[in-house]
Amino acid sequence: MYTAHPDRYAEMPYRRTGRSGLKLPALSLGLWHNFGPDRPVETQRAILRRAFDLGVTHFDLANNYGPPPGSAEFALGEALRADFGPYRDELVISTKAGYLMWPGPYGEWGSRKYLLSSLDQSLSRMGLEYVDIFYSHRPDPETPLEETMGALHTAVQQGKALYVGVSNYSPEQTREAARILAELGTPLLIHQPRYSMLDRRPETSGLLDALDELEVGSIAYSPLEQGLLTGRYLNGIPEDSRAASDSPFLNSDALTEELVGKLRTLNEIAGSRGQSLAQLALAWVLRQGRVTSALVGASSPRQLEDSVAAIGNLDFDADELARIDKVVKG
């Protein structure tokens with residue numbers, strides 16, 4: 001029987017999400033790629049247990065996470081029953097719907113039918129009565145935003161979600177979503193954008209400015225840029241890496257000589273701070289407090305521990321930030 005570490009809240013900083021009462025850990029665990037049937041169940045459970053022992057109270061999922069789709073939610077459901085039953089009220093569990101989940105016209109995007117059906121399926125897979133956060137995973141170009149936001153509002157009214165969020169929405173779409181939800185009486189809690197040292201669109205598009213104005217929280221996904229911002233690719237492409245597999249999310253063509261040179265220089269900056277490259281990348285995303293939490297994945301408890309150690313140094317001076325910008329922007 002798993003017993004959580006008594007000092008699990010001693011080190012992790014928790015940040016208020018927008019103007020809500022909900023606080024999230026600076027680092028949250030994403031169950032995107034490493035929680036399917038091709039991974040040992042005991043390894044999956046060990047990662048979740050270690051995360052919670054380190055103060056990572058937020059587990060982030062989507063209906064299609066796995067692979068195959070749905071398997072990450074099944075895996076979390078098994079872990080909840082085996083290990084986390086006594087701790088459910090200490091956990092923030094989020095899921096999303098928006099990408100393809102089942103065949104036919106009702107299996108993706110942002111219709112009321114799809115979103116609410118998907119949420120029911122997610123709750124069944126995890127064995128939960130509610131999730132803490134339910135997201136619209138991407139905007140639907142054909143469904144009125146009023147319908148999509150109305151479905152999120154209904155999920156809260158039905159008691160199946162405590163809060164709602166959006167992901168991959170533009171600044172303009174985010175402002176309109178927040179307006180619609182405010183009129184319905186269900187505030188927009190959080191936005192989940194892709195954001196890293198190498199992908200600064202939330203800054204350049206004005207998304208972070210919009211979230212500041214709206215007092216909406218943010219949680220960054222891919223802060224390690226699909227593994228590029230780790231030490232894995234400093235000396236070539238390992239055979240067992242994502243880039244070697246020509247994944248649709250990262251392929252070998254991305255590892256240009258110029259990029260590898262930048263990664264090596266960033267790694268030197270990280271070393272001067274007493275950090276790994278991954279820790280530097282996570283700390284950079286969390287700098288200045290504009291991002292509520294950064295999502296990390298993990299294939300082992302040790303990898304998770306390395307990421308969580310980033311919280312030991314989240315401060316940057318002006319010279320460090322300028323050096324990073326010079327490397328990344330050229």
Side-chain angles (χ1 to χ4, degrees), residues 2 24-25 27-52 54 56-85 87-88 91-103 107-108 114-115 117-138 155 160-161 163-168 190 192 194 219-224 226-227 242 245 247-250 293-301 303-304 307-308:
Y2 165 69
L24 292 179
L27 293 175
S28 298
L29 179 63
L31 280 69
W32 181 26
H33 270 313
N34 297 313
F35 288 82
D38 60 335
R39 307 281 179 165
V41 172
E42 189 50 45
T43 300
Q44 297 176 29
R45 288 178 57 189
I47 293 168
L48 292 166
R49 291 192 296 260
R50 188 63 181 137
F52 190 55
L54 292 170
V56 178
T57 54
H58 178 208
F59 299 155
D60 179 78
L61 302 97
N63 57 357
N64 63 335
Y65 285 1
S71 59
E73 290 179 331
F74 273 122
L76 180 63
E78 292 178 0
L80 291 172
R81 288 185 288 273
D83 296 325
F84 294 101
Y87 307 107
R88 171 63 183 99
L91 292 171
V92 174
I93 298 171
S94 59
T95 196
K96 316 175 195 74
Y99 287 94
L100 180 64
M101 189 60 189
W102 61 84
E108 63 177 327
Y114 168 65
L115 291 175
S117 297
S118 178
L119 178 56
D120 284 342
Q121 292 181 21
S122 292
L123 293 174
S124 177
R125 282 189 287 268
M126 292 185 284
L128 294 173
E129 294 181 357
Y130 70 93
V131 291
D132 297 275
I133 307 171
F134 182 48
Y135 288 88
S136 167
H137 205 165
R138 61 173 172 173
K160 296 177 181 178
Y163 301 93
V164 298
V166 297
S167 181
N168 300 306
I190 194 167
Q192 187 173 132
R194 179 169 179 156
I219 179 167
Y221 75 86
S222 292
L224 301 181
Q226 300 297 320
R242 184 173 296 169
S245 70
S247 160
F249 304 105
L250 177 64
S293 183
L295 274 171
V296 296
S299 58
S300 68
Q303 185 181 38
L304 177 71
S307 293
V308 171

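Positions are given from 1, in the same order as the sequence printed here.
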Exercise. What's the verdict on side-chain contact (heavy atoms from CB on, under 4.5 Å) for Y135 and I219, showing C-alpha distance, side-chain angles and the deciding distance?
Worked result: CA-CA 12 Å; Y135 288 88; I219 179 167; 3.4 Å; yes
Exercise. Should V131 and L119 be marked as a side-chain contact (heavy atoms from CB on, under 4.5 Å) after you check the CA-CA gap, both sets of side-chain angles, and the distance that decides it?
Worked result: CA-CA 9 Å; V131 291; L119 178 56; 4.1 Å; yes
Exercise. Could you walk me through whether Y114 and W102 pass the side-chain contact (heavy atoms from CB on, under 4.5 Å) check?
Worked result: CA-CA 10 Å; Y114 168 65; W102 61 84; 3.6 Å; yes
For this session: Give the intermediate values and the outcome of side-chain contact (heavy atoms from CB on, under 4.5 Å) for residues R138 and Y99.
Result: CA-CA 7 Å; R138 61 173 172 173; Y99 287 94; 3.5 Å; yes
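Side-chain contact between F84 and I93: absent, with no pair of heavy atoms (C-beta onward) separated by less than 4.5 Å. Residues L61 and M126 have side chains in contact (heavy-atom distance under 4.5 Å, counting atoms from C-beta outward). V296 has its side chain out of reach of V56: every pair of non-hydrogen atoms, C-beta onward, lies at least 4.5 Å apart. The closest side-chain heavy-atom distance from F134 to T95 is below 4.5 Å. Contact of the P67 side chain with the S71 side chain is not registered, since no non-hydrogen atoms from C-beta on lie closer than 4.5 Å. Inter-residue side-chain proximity for R49 and P301 is flagged as unmet; no heavy-atom pair is nearer than 4.5 Å. At a threshold of 4.5 Å between non-hydrogen side-chain atoms, the residues L31 and I47 do not count as touching. Looking only at side-chain heavy atoms (C-beta outward), S28 and D60 stay at 4.5 Å or farther from each other.
Remark: side-chain polar atoms of T57 are not paired, donor with acceptor, to backbone N or O of V92 under 3.5 angstrom. The closest donor-acceptor contact from the side chain of N168 to the backbone of H137 lies under 3.5 Å. Here the side chain of S124 pairs no donor or acceptor atom with the backbone of D120 at under 3.5 angstrom. Distance alone, capped at 3.5 Å, places no donor-acceptor pair between the Q192 side chain and the Y221 backbone.
For H58, there are no ring pair (Phe, Tyr, Trp, His ring centres under 6.0 Å) partners two or more places apart in sequence or in a different chain. Under the side-chain hydrogen bond (donor to acceptor under 3.5 Å, both in side chains) criterion, D38 pairs with no residue, sequence neighbours left out. Looking at residues two or more places apart in sequence or on another chain, you find no side-chain contact (heavy atoms from CB on, under 4.5 Å) involving E129.
Taking the six-membered ring for Trp, F52 and F59 have ring centres at least 6.0 Å apart.
Q44 and G36 get closest at one heavy-atom pair: NE2-O, 2.9 Å. Smallest separation of non-hydrogen atoms from S307 and L27: O-CD1, 3.2 Å. Between N63 and S122 the shortest heavy-atom distance is CB-OG, 3.9 Å. Contact between G70 and M101 at its shortest, heavy atoms only, is N-CE, 3.7 Å. Nearest heavy atom pair, residue R81 against residue G127, reads NH1-CA, 4.1 Å. The two atoms that bring S293 and L24 nearest to each other are CB-CB, 4.3 Å, heavy atoms only.
By the 6.0 Å and 45° rule, R88 stacks over the aromatic ring of Y130.
Note that CD of E78 is 12.0 Å distant from CZ of F35, once rounded to the nearest 0.5 Å. Here S118 contributes atom OG and E108 contributes atom CD; the two are 11.5 Å apart, rounded to the nearest 0.5 Å.
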